[in-house]
Amino acid sequence: MKFNGNNPIFRCCLLVFVLTFAAFHAALENDFVNWDDPIFICENPRIQSLDWPHVSEMFTSLEVAAYTPLSQLSLAIDYALWGNNPAGFHFTAILLHGFNAILVFLIASRLNRQAGSSPDSNSSANGGAMLAALCFSLHPMRVESVAWACERRDVLSGFFGLACVLAYTRYASHQSSVISRQTSFPWFLSALFLFVCAVISKAIVVTLPVVLLLLDFHPFRRFSADGSFSWKRNFGEALVEKLPFLFISALAGAITLSACISSGLALDPQRVGWEPRLAQAVVANMSYLRKIFVPLTLNPLDKWYGSYDFSQGIAWEGLIVNGLITLFVLLFRRRFPSALVAWFSYLVIIAPFTGLAQSGLQFTADRYTYLASVPWCILLGGAFHRTRFAAANSRSPLWGQGAKHGIAAVAAAVLLWLGYRAHEQTRIWRDSETLWKHSLRLDPKNPIAWLNLGNAMSEKGAHDLAILAFKQAVGLSPANADAWYNLGSEMRKLERYEEAAAACQKALVCDPFCASAHHNLGWIYARQKNLTAALRHYGAAQKLAPSAATEYNIACCLRDKGDSAAAFSWFRAAAEHGFADAWIGLSELVAVQGDPVRARNILEDGVQSCRGGGRSRIQLALVEAILAQPGPSAKDLALARQMLVELERRLEGRSEKVRTLAARLRLRESSPAPVAKP
């Protein structure tokens with residue numbers, strides 16, 4: 001296949017990509033959101049450098065209970081190109097999604113030809129493959145994977161997973177002769193390599209080998225000559241060649257499940273019986289089907305409120321719906337083998353995300369349908385092609401060219417509606433406030449959405465609105481320690497210390513190991529000059545979650561209590577652990593003890609040790625120390641001038657303190673040097 005401007009396949013691929021990009025271009029204006037984006041991108045030191053230690057760490061450790069080194073690497077490349085500019089990350093995600101749409105087009109085209117459809121040059125066949133690709137790419141359920149920056153894992157694993165399927169179709173289509181098998185083996189190796197890349201981008205693709213086995217049944221008919229299922233013909237060979245894929249899947253699945261259970265993100269399967277998990281699975285699957293075919297209300301966080309069982313009517317409803325579809329495709333497997341393959345491929349891909357192994361806070365999530373929806377889209381595209389082909393070749397006065405154009409018009413209208421819905425859904429991810437307000441319109445009783453909305457209001461400085469949101473969260477979920485802690489933090493910012501302390505105490509009742517609540521209480525009691533209580537809570541926080549910030553606060557309390565020796569040790573520990581203000585604390589402590597030379601040396605050491613905003617604060621303290629000297633030398637004044645120029649450039653003239661110190665420096669430089677007494 002030659003990709004040039006005159007090739008109809010190339011023109012179809014280009015059109016699919018352009019329409020996909022147009023539907024999602026609004027994401028370029030979106031900001032990061034406060035739902036995992038800080039953990040994976042904004043505050044993730046692992047992606048902020050492409051040097052070997054960071055890249056090695058990506059491939060040798062888990063990231064939030066998942067092994068996703070390729071996804072981390074792609075984010076690191078984006079960070080190197082764009083910094084923390086969200087538009088760059090969204091641009092890459094849209095590009096990957098556009099490439100995935102092209103891959104779906106190529107897969108649909110090849111599968112339709114293999115199933116006996118018309119050749120590539122047939123416009124109806126290309127139209128069916130385009131419909132499949134656009135139904136996949138323009139569906140509003142794709143928005144969560146594309147517009148949510150940290151879900152790079154979906155589009156990247158989707159890219160490698162779809163490329164794996166495409167390579168496998170090239171391999172499987174040449175299995176009719178020994179010569180063809182020999183020439184097609186590189187395609188098998190390519191498919192295996194792409195599958196490994198997909199798995200280490202996100203383990204969502206672990207069930208893909210079963211899908212490849214279903215494709216062997218239809219349309220490649222590798223089990224029998226007439227396409228009917230037979231255990232006696234070639235099935236063993238097809239299964240054996242999948243063993244490398246299955247081994248990789250089992251390894252990745254075991255690592256992911258074990259990590260999720262140990263981190264608390266997943267329920268231990270041994271603690272939950274099969275009946276509630278099966279009931280939840282059929283209900284979740286029914287919910288996925290409804291949203292795939294009627295995507296009207298898509299909630300970013302479809303909260304999981306507990307397990308289901310078959311004493312509930314909705315569980316039986318889900319079982320009946322799933323059972324009827326399964327019965328239909330099995331009864332009509334000879335007439336509609338594509339429907340059977342599409343249904344079981346969908347079930348295999350979506351199964352891990354229906355509650356069989358509950359993970360996270362969500363009941364269902366749009367992102368889990370990224371690959372699971374592809375079989376439905378290809379089935380729809382094939383039906384569109386066959387129906388239009390039949391209409392075009394019909395001699396019936398009621399079924400002819402008019403019907404052919406009418407079918408095309410309906411398909412165009414559906415795609416236009418899907419594109420519009422995707423565009424509107426993309427705007428929902430504009431920022432954290434917009435996202436969680438939309439979620440709460442759909443589910444006002446979702447405590448996690450209220451908690452995240454409160455965090456968004458806090459980041460904007462709207463502390464009163466944040467408090468209202470956090471109060472809603474604790475009202476809906478009184479045992480949520482994070483909600484109580486955040487409520488206390490906001491009240492602390494407004495200097496409502498008694499209420500803040502009460503909220504933090506309730507956080508500790510919910511979770512006695514909440515180090516943040518202990519730290520907050522330490523800060524409040526230190527502010528109220530209750531240093532004994534402050535030290536008790538700071539000490540508890542340090543035992544639970546050691547940090548340089550807590551070490552610094554302990555040092556401040558000890559200094560205020562008059563225990564200079566102990567304070568010095570804690571300041572030194574915080575400084576060695578990279579806490580910039582600890583260098584300033586050390587210097588002030590030494591200066592009070594009457595050793596200004598050593599105090600200045602400590603600040604100079606801090607300037608050499610720290611970077612970023614912490615270094616700037618130490619430089620300001622050092623300039624102040626120089627200007628406070630009774631008679632600074634010309635060398636000292638030159639050093640102060642150099643640091644102020646550096647600070648002016650780094651802070652772009654935004655610091656009032658820099659301007660004040662610069663004025664003091666000019667005054668000192670213009671004053672005559674003191675004359676030494678004989």
Side-chain angles (χ1 to χ4, degrees), residues 16 19-20 23-24 93 96-108 111-112 128-148 151 153-166 198 202 204-208 210-211 214-215 281 284-300 302 321-322 325 329 338-354 362 364-384 411 414-415 417-419 421-422 425-426:
V16 165
L19 291 176
T20 301
F24 285 87
L96 283 169
H97 184 54
F99 294 147
N100 290 345
I102 292 174
L103 288 171
V104 172
F105 169 82
L106 296 174
I107 292 170
L111 293 181
N112 285 335
M130 280 189 63
L131 179 65
L134 291 173
C135 280
F136 160 76
S137 66
L138 301 183
H139 199 288
M141 292 186 80
R142 302 294 85 77
V143 171
E144 185 170 298
S145 297
V146 180
W148 188 7
E151 273 308 314
R153 298 166 294 181
D154 279 346
V155 290
L156 192 63
S157 65
F159 174 78
F160 287 118
L162 291 169
C164 167
V165 173
L166 182 61
K202 187 177 182 180
I204 193 172
V205 296
V206 291
T207 55
L208 199 57
V210 182
V211 176
L214 288 167
L215 292 178
N285 193 46
M286 185 173 63
S287 176
Y288 279 125
L289 289 174
R290 177 185 59 79
K291 289 190 284 187
I292 287 174
F293 290 103
V294 190
L296 293 178
T297 54
L298 302 179
N299 194 336
D302 185 8
V321 169
N322 285 273
I325 297 175
V329 298
S338 297
L340 182 144
V341 172
W343 171 243
F344 281 104
S345 295
Y346 160 77
L347 286 180
V348 164
I349 298 172
I350 203 69
F353 312 105
T354 56
Q362 68 285 332
T364 61
D366 296 353
R367 59 187 180 276
Y368 295 147
T369 66
Y370 193 81
L371 288 179
S373 64
V374 173
W376 291 117
C377 297
I378 294 177
L379 181 66
L380 180 62
F384 170 82
V414 170
L415 291 177
W417 181 73
L418 288 176
R421 292 281 298 125
Q425 189 74 10
T426 300

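- Heavy atoms only, all atoms of each residue included: L340 and V329 are closest at CD1-O, 3.5 Å.
- Scored by the side-chain contact (heavy atoms from CB on, under 4.5 Å) test, A23 finds L138 as partners (sequence neighbours excluded).
- Here S373 pairs with F136, R142 under the side-chain contact (heavy atoms from CB on, under 4.5 Å) rule; sequence neighbours left out.
- The two atoms that bring L208 and G161 nearest to each other are CD2-O, 3.8 Å, heavy atoms only.
- In this structure, S338 contributes its side chain and L379 its backbone to no donor-acceptor pair below 3.5 Å.
- Residues F160 and L156 are in side-chain contact: their nearest non-hydrogen atoms beyond the backbone lie under 4.5 Å apart.
- V16 and I102 get closest at one heavy-atom pair: CG1-N, 4.2 Å.
- Of all the heavy atoms in A132 and I378, the pair that sits closest is CB-CA, 3.8 Å.
- A donor-acceptor pair under 3.5 Å is formed between the side chain of N100 and the backbone N or O of F159.
- Inspection of the T364 and D302 side chains reveals an N or O donor paired with an N or O acceptor under 3.5 Å.
- The backbone N or O of S137 lies less than 3.5 Å from a partner atom in the side chain of H97, making a donor-acceptor pair.
- A donor-acceptor contact closer than 3.5 angstrom is absent between the side chains of T297 and K291.
- Checked against side chain to side chain donor-acceptor pair (under 3.5 Å), H139 has no partners two or more places apart in sequence or in another chain.
- N112 contributes a side-chain N or O that, together with a main-chain N or O of A108, makes up a donor-acceptor pair within less than 3.5 Å.
- Contact between S145 and D154 at its shortest, heavy atoms only, is OG-OD2, 2.8 Å.
- Looking at Y368, its side chain never comes within 3.5 Å of a backbone N or O of A351 through a donor-acceptor pair.
- For P140 against R421, the heavy-atom pair with the smallest separation is CG-CB, 3.9 Å.
- R367 contributes no side-chain N or O that, together with a main-chain N or O of E151, makes up a donor-acceptor pair within less than 3.5 Å.
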